[in-house]
Protein chains: 2
Amino acid sequence: MREIGPGELDPYQQGCPTRRILDLIGGRWTVLIVGALGSATLRFSDLLRRVDGISQKMLTQTLRALERDGLVIRTVTAEVPVKVEYRLSAAGLTLTEPLKALELWSIDHFAGIMAARRDHEIPDST
Amino acid sequence: MREIGPGELDPYQQGCPTRRILDLIGGRWTVLIVGALGSATLRFSDLLRRVDGISQKMLTQTLRALERDGLVIRTVTAEVPVKVEYRLSAAGLTLTEPLKALELWSIDHFAGIMAARRDHEIPDST
DNA sequence: CGGAATCCGATTGGATACTG
DNA sequence: CAGTATCCAATCGGATTCCG
């Protein structure tokens with residue numbers, strides 16, 4: 001994939017908004033983390049538990065990216081054991097709507113897709 | 001990532017519909033291909049041109065996956081140079097709606113995100 | 001508690017060459 | 001035209017260890 005400069009912005013191809021946002025939420029974890037946060041405020045360890053299967057590395061990495069892009073707000077409270085909380089920003093909160101639509105679609109079409117996948121090729125039915 | 005059997009379906013964790021669908025449309029190309037197709041019928045070479053930057057390998061691979069899952073229909077016409085056309089199935093067509101919502105969100109928030117990313121750390125302002 | 005750092009296997013995906 | 005096949009570099013991402 002070509003590198004695209006900061007000021008550059010192709011008409012409607014490589015560097016179009018959709019493409020760049022797709023790179024942002026492209027990871028398997030981003031969407032799940034945003035969904036887990038919703039309108040709640042969660043600690044690092046909470047997220048680690050709620051987003052089942054994520055490693056601490058990926059959680060950190062994804063949260064950092066979301067924070068950098070202004071979708072997640074990180075708050076550190078300097079207590080004895082450090083307390084770090086994450087919540088969606090106003091912008092991040094707006095993202096939950098289209099994602100919710102996608103989630104509903106997934107639930108609606110899950111069975112159909114799995115059926116299509118199963119039927120796609122019955123290895124050998126003589 | 002653990003493997004999940006066909007009949008298995010965790011309550012709301014690893015194997016939930018959203019998770020599996022995310023794996024499906026997770027690739028950077030799936031969404032773009034579905035968007036390129038829309039309600040149109042396109043040939044392989046058309047798609048190769050419209051989805052800017054995709055390699056022929058990834059186009060084939062992604063189309064195969066979409067076909068397997070019943071979202072895309074592949075039609076072969078045995079002419080002298082073979083003609084292969086792709087279009088969205090009824091199910092595939094329903095996917096364009098939530099994706100469109102996501103696209104609108106991207107356009108709306110693109111500038112803001114890029115700004116946040118830029119401001120996130122001014123390397124050194126003395 | 002909330003990470004950072006390192007190691008390293010698995011997967012992704014482009015480039016290229018060949019085929020019916 | 002519409003692929004298939006192979007090679008290989010880069011990235012992803014889990015496991016583990018260490019730190020303030």
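All figures in this text were calculated on a predicted structure; none of them were measured in a lab. Here is how names work: the chains are called A, B, and so on, in the same order as the sequence lines, proteins then strands, and each is numbered from 1.
- The main-chain N or O of B/L71 is found under 3.5 Å from a side-chain atom of B/S89 such that the two form a donor-acceptor pair.
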All N/O pairs under 3.5 Å across the protein-nucleotides 6-13 of chain C interface:
from: C/dG13; atom 1: N7; to: B/K57; atom 2: NZ; distance (Å): 3.2

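- For A/Q56 against C/dA4, a side-chain-to-base donor-acceptor contact under 3.5 Å is present.
- To the nearest angstrom, C1' of D/dG20 lies 15 Å from CZ of A/F44.
- Between A/R43 and C/dG2 there is a side-chain N or O to OP1 or OP2 distance below 4.0 Å.
- When rounded to the nearest whole Å, the span between CG of A/L63 and P of C/dC1 equals 17 Å.
- A/L93 and A/I73 fall into different hydrophobic clusters, where Ile, Leu, Val, Met, Phe, Trp and Tyr are joined by side-chain heavy atoms under 4.5 Å apart, directly or via other members.
- Put simply, B/T60 has no side-chain N or O that comes within less than 4.0 Å of OP1 or OP2 on D/dA2.
- Applying a 4.0 Å cut-off to non-hydrogen atoms, the residues of residues 64-75 of chain B that approach DNA chain D are B/R64, B/R74, listed by residue number.
- Distance CD1 (B/I54) to C1' (C/dA15): 15 Å, rounded to an integer number of Å.
- Heavy atoms only, all atoms of each residue included: A/L47 and A/A36 are closest at CD2-CB, 4.1 Å.
- The residue among A/V82 and B/V82 whose nearest nucleotide of DNA chain D lies closer to the 5′ end is B/V82.
- At least one donor-acceptor pair under 3.5 Å links the side chain of A/H109 to the backbone N or O of A/W105.
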*Hey, mind stepping through B/R43 and B/D46 against salt bridge (charged side-chain N to carboxylate O under 4.0 Å, His left out) and telling me if it holds?*
CA-CA 5 Å; B/R43 304 185 56 166; B/D46 292 332; 5.3 Å; no
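- Using modelled atom types, one side-chain atom of A/T94 and one backbone atom of A/A91 make a donor-acceptor pair closer than 3.5 Å.
- A distance-only check finds no donor-acceptor pair linking the side chain of B/D23 to the backbone of B/R20 [under 3.5 Å].
- Proximity of B/Y86 to the phosphate of D/dC1: no side-chain N or O atom is located under 4.0 Å from OP1 or OP2.
- Using a cutoff of 4.0 Å between basic side-chain nitrogens and carboxylate oxygens, A/E97 and A/K100 are not scored as salt-bridged.
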